[in-house]
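Accompanying notes for the structure given below.
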Amino acid sequence: MHIGLFIPCYIDQFYPQVGIATLELLEKQGLRVSYPLEQTCCGQPMANSGFEHLTADCSKNFIRNFERFDYIVCPSGSCALHIKEHVHDDQSEEKAVSIRKRVYELTEFLTDVIQLKSLSAKFPHRVGLHQSCHGLRGLHLAQMSELVAPKYSKPEQLLKLVDGLELIQLDRQDECCGFGGTFSVFEEAVSVKMGQDRMADHLKNGAEYITGADMSCLMHLEGLLKRDNSSMNVIHIAEILNSKA
Amino acid sequence: MQQHQTHAELAEQFNRDINRVNWHDQTLWMVREKRDKAAQQVPDWEQLRETASQIKNHTLAHLHAYLLEFEQQALANGIQVHWAADAEEHNRIVHRIIQEHGVDRIVKSKSMLTEECGLNEYLLQQGIEVVDTDLGERIVQLAGEPPSHIVLPCIHWKKEEIGELFHQHLGTPKGNADPDFLTRAARAHLREHFMMRRVAITGVNFAVAETGEFVVCTNEGNADLGAQLADVHIACMGIEKIIPKRNHLGVFLRLLARSATGQPITTYSSHFKKPGPGKALHIVLVDNGRSTRLGSDDFRNALKCIRCGACFNTCPVYRRSGGHSYHTAIAGPIGSILAPALDMEKHADLPFASTLCGSCTNVCPVKIDIHQQLYTWRQVLIKNGHASSTKKAGIQLTGMVLSKPWLFRVSGKVARWIMRTFPGLMNNRFNPWTKQRELPMPPKQSFRDWYVNNRSHD
Ligand code: SF4
């Protein structure tokens with residue numbers, strides 16, 4: 001099994017430690033992982049702003065980089081979802097379709113494909129899990145609070161394997177943090193208010209860390225926490241799962 | 001150019017009063033929680049939603065036939081049926097009926113359609129006084145405002161403010177904000193109007209094709225009172241309100257109130273089938289852009305909407321921006337996909353007033369893919385030239401950089417260097433990101449740089 005590591009552009013540029021943790025975590029499971037060097041971005045920021053028609057070259061570049069892998073794994077729910085739903089290739093659509101089927105967000109890859117049952121990781125802290133909307137309502141990484149259906153949560157399942165970690169309960173289980181890509185800039189006031197409320201929910205329930213499977217939401221929350229000089233921090237789930245025992 | 005303020009601008013103003021935002025958010029979240037509880041008590045809830053969705057899809061696919069069937073049955077019942085192509089024709093028809101009865105004051109129970117058509121303002125211009133009899137609607141009417149929510153029209157009003165409003169308009173004692181007292185005062189005030197009005201307008205929740213009857217759902221019974229006391233009852237409905245059979249009500253009535261407020265059923269679900277002795281019953285069927293939408297594969301299924309308001313209550317943006325920030329009769333997520341079809345220029349901002357979180361789609365009792373339609377509207381709007389030039393230039397540049405790996409690497413390096421060396425350059429008040437947030441601390445090395453140094457690559 002050969003895995004292509006897809007590291008979203010903003011993680012590559014701003015959060016290299018998340019990429020490193022993802023890579024090491026996969027390697028620890030005995031998997032063969034490669035990072036194709038010519039990858040850039042999935043095109044999601046443009047598409048969600050209404051410019052999907054400008055993303056054809058991004059898609060082509062993505063397919064070029066990843067078509068040789070059995071699985072494509074990405075530590076970001078929204079980027080994985082974007083590939084799954086919107087990557088096209090007008091010259092060879094079957095290539096795009098096949099790519100769309102092989103893309104996995106990191107936590108679902110660990111629980112569903114390699115069915116990870118144990119982990120030697122330790123993180124002795126109180127942690128709140130922020131369910132990012134695209135991972136939740138797009139990839140179904142966990143049960144959505146709106147539906148009348150059995151509960152499950154893939155990220156939670158993994159966090160439970162970590163030594164010493166105490167998962168706190170939130171008042172609002174899966175409310176959006178307000179990042180929303182360009183929404184965070186064009187609707188600054190509402191975006192910030194949503195983020196502050198999300199922060200307050202974690203704080204109120206005693207979290208030391210906010211974790212999640214999507215660094216973009218965490219980047220937004222981190223920006224708010226830092227401005228607040230808060231003692232709470234954000235940490236990507238890959239970093240927790242890869243922490244030393 | 002847009003003449004009015006955008007959602008972002010209006011929302012920013014709404015957010016200046018943090019206590020009010022918190023109160024608005026929490027009040028509506030409570031309604032969402034009631035909805036969750038009510039839904040959880042119905043084990044086959046998801047199946048019920050699916051059934052409702054399929055009935056609506058089927059009806060829309062055969063709308064023409066069901067509308068004709070409904071007309072035929074209604075006529076046979078003695079109802080007078082009118083067809084209106086747009087809002088203007090609807091308003092003219094209603095006005096003509098009122099005129100024929102020589103009346104200049106009427107009562108109206110809640111109807112989002114008449115809001116959509118601007119009926120109140122139209123009739124006012126013709127010298128006809130309209131009294132809204134739904135308590136919430138009456139409150140916003142007294143305040144000279146449009147409703148801010150399709151089910152809870154005055155949800156943005158605190159009880160103290162309502163006390164003051166009633167003090168001014170109805171002469172209740174100053175400072176009395178007791179909800180029971182205020183409701184009784186409003187009731188007494190409305191009673192007078194009910195007694196004096198000969199024409200009553202109501203909306204329609206469901207119109208049954210097989211029987212030619214229609215159903216109006218209220219919690220206050222004001223639709224019944226208005227319609228029973230008046231000589232003439234005019235019911236106004238969008239053509240999408242048709243359902244094929246009476247027993248389909250068993251699906252929709254179970255979903256409607258639970259989704260709207262968490263009640264098992266609305267207090268009154270009143271069936272109107274024929275005019276009472278010596279009275280007249282009219283029904284106005286309005287298109288106003290609906291048949292155009294019916295022809296659109298992307299946007300058709302928004303016509304399934306039963307106006308329960310659940311998507312408003314769950315929407316994290318709506319809860320923190322208020323109904324009026326949407327500058328349209330129907331606000332919230334559903335309003336944001338309906339309004340651009342009526343006036344693309346005016347409502348181009350609304351599909352962007354969302355994080356695409358998808359909660360709306362999950363609560364919708366008829367399974368409208370609301371957040372997908374928001375996404376699709378964005379594509380349509382941008383293709384039609386509704387992007388501000390700064391946004392367009394930025395996105396085009398991004399597109400170019402991201403499709404060229406070498407350019408991406410160089411610009412990433414340069415940007416990180418600039419951010420590290422001159423933090424003040426990015427961290428200023430003209431950058432909306434940093435107004436209330438910090439930027440991430442740019443690392444020296446990108447992941448790619450690290451990878452090249454630490455792994456052999458193939
Ligand atoms: S779109 Fe769905 S949730 Fe929103 S008001 Fe209509 S029926 Fe209710």
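Worth knowing before you read on, the calculation uses all heavy atoms, side chains too, and leaves out hydrogens, waters and symmetry mates. Proteins come first, then strands; the chains are lettered A, B, ... in the order of their sequence lines, and each starts at number 1.
Residue A56(A) does not touch chain B at all, counting heavy-atom pairs closer than 4.5 Å. Looking at V380(B), there are no atoms closer than 4.5 Å to chain A (heavy atoms on both sides), in backbone or side chain. Looking at E27(A), only its side chain comes within 4.5 Å of chain B, counting heavy atoms on both sides. Heavy-atom distances place no part of D44(B) under 4.5 Å from chain A, backbone and side chain included. Contact annotation for A310(B): neither backbone nor side-chain heavy atoms come within less than 4.5 Å of a heavy atom of chain A. Contact of L356(B) with chain A is made through backbone and side chain together, with heavy-atom distances under 4.5 Å. With a threshold of 4.5 angstrom between heavy atoms, E85(A) approaches chain B through side-chain atoms but not through N, CA, C or O. The contact between V33(A) and chain B is made entirely by backbone atoms, counting heavy-atom distances below 4.5 Å. With a 4.5 Å cut-off on non-hydrogen atoms, R16(B) does not touch chain A at all. Neither the backbone nor the side chain of T376(B) comes within contact range of chain A; no heavy atoms are under 4.5 Å apart. With a 4.5 Å cut-off on non-hydrogen atoms, Q372(B) touches chain A through its side chain but not through its backbone. With a threshold of 4.5 angstrom between heavy atoms, L221(A) does not approach chain B through any atom at all. Of the atoms belonging to E175(A), it is side-chain heavy atoms, and not backbone ones, that fall under 4.5 Å from chain B. For L5(A), the part sitting under 4.5 Å from any heavy atom of chain B is the side chain, from C-beta outward, and nothing else.
In this structure, W377(B) has its ring center at least 6.0 angstrom away from the ring center of F352(B). Taking the centre of each ring, Y35(A) and F447(B) come in below the 6.0 Å mark.
With respect to chain B, the highest number of heavy-atom pairs below 4.5 Å among S184(A), G138(A), C176(A) belongs to S184(A). Annotation: maximal heavy-atom pairing with chain B below 4.5 Å, among L147(A), V185(A), V18(A), occurs at L147(A). For the set L225(A), I11(A), L23(A), the entry with the most heavy-atom pairs within less than 4.5 Å of chain B is L23(A). Highest contact tally toward chain B, considering only C177(A), S59(A), S145(A), S78(A), is held by S145(A) [criterion: heavy-atom pairs under 4.5 Å]. Here G50(A) is the residue among G19(A), G50(A), P16(A) with the most heavy-atom pairs under 4.5 Å with chain B. For chain A, the option among H371(B), K383(B), R49(B), R319(B) with the highest count of heavy-atom pairs below 4.5 Å is R319(B). The most heavy-atom pairs under 4.5 Å with chain B, out of M144(A), E188(A), H134(A), come from E188(A).
Under 3.5 Å, the side chains of D369(B) and T361(B) contain no donor-acceptor pair of N or O atoms. A donor-acceptor pair shorter than 3.5 Å can be found between the side chains of E146(A) and S359(B).
We find that D449(B) and K444(B) are not joined by a salt bridge, their nearest charged nitrogen and carboxylate oxygen being 4.0 Å or further apart. One finds no salt bridge joining K204(A) and D201(A) here, because no Lys/Arg side-chain nitrogen approaches an Asp/Glu carboxylate oxygen to under 4.0 Å. Classification of E50(B) and K367(B) as a salt-bridged pair holds, one side-chain N sitting under 4.0 Å from a carboxylate O. Taking the charged nitrogens against the carboxylate oxygens, R320(B) and D197(A) do have a contact shorter than 4.0 Å, which makes a salt bridge.
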- Task: Show the numbers, then the answer: is there a ring pair (Phe, Tyr, Trp, His ring centres under 6.0 Å) between Y326(B) and H7(B)?
- Result: CA-CA 6 Å; Y326(B) 293 78; H7(B) 179 274; 4.6 Å; yes
- Message: Go through it in stages, so that I can follow the logic: the residues are K226(A) and N233(A), the test is side-chain hydrogen bond (donor to acceptor under 3.5 Å, both in side chains), and I'd like the CA-CA distance, side-chain angles, deciding distance and then a yes or no.
- Response: CA-CA 9 Å; K226(A) 277 195 185 157; N233(A) 280 308; over 6 Å; no
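Distance alone, capped at 3.5 Å, is enough to place a donor-acceptor pair between the Q379(B) side chain and the E52(A) backbone. Between the R20(B) side chain and the H156(B) main chain, a donor and an acceptor come within less than 3.5 Å of each other.
Using cut-offs of 30° and 60° for the angle between ring planes, the F179(A) and H220(A) rings count as tilted.
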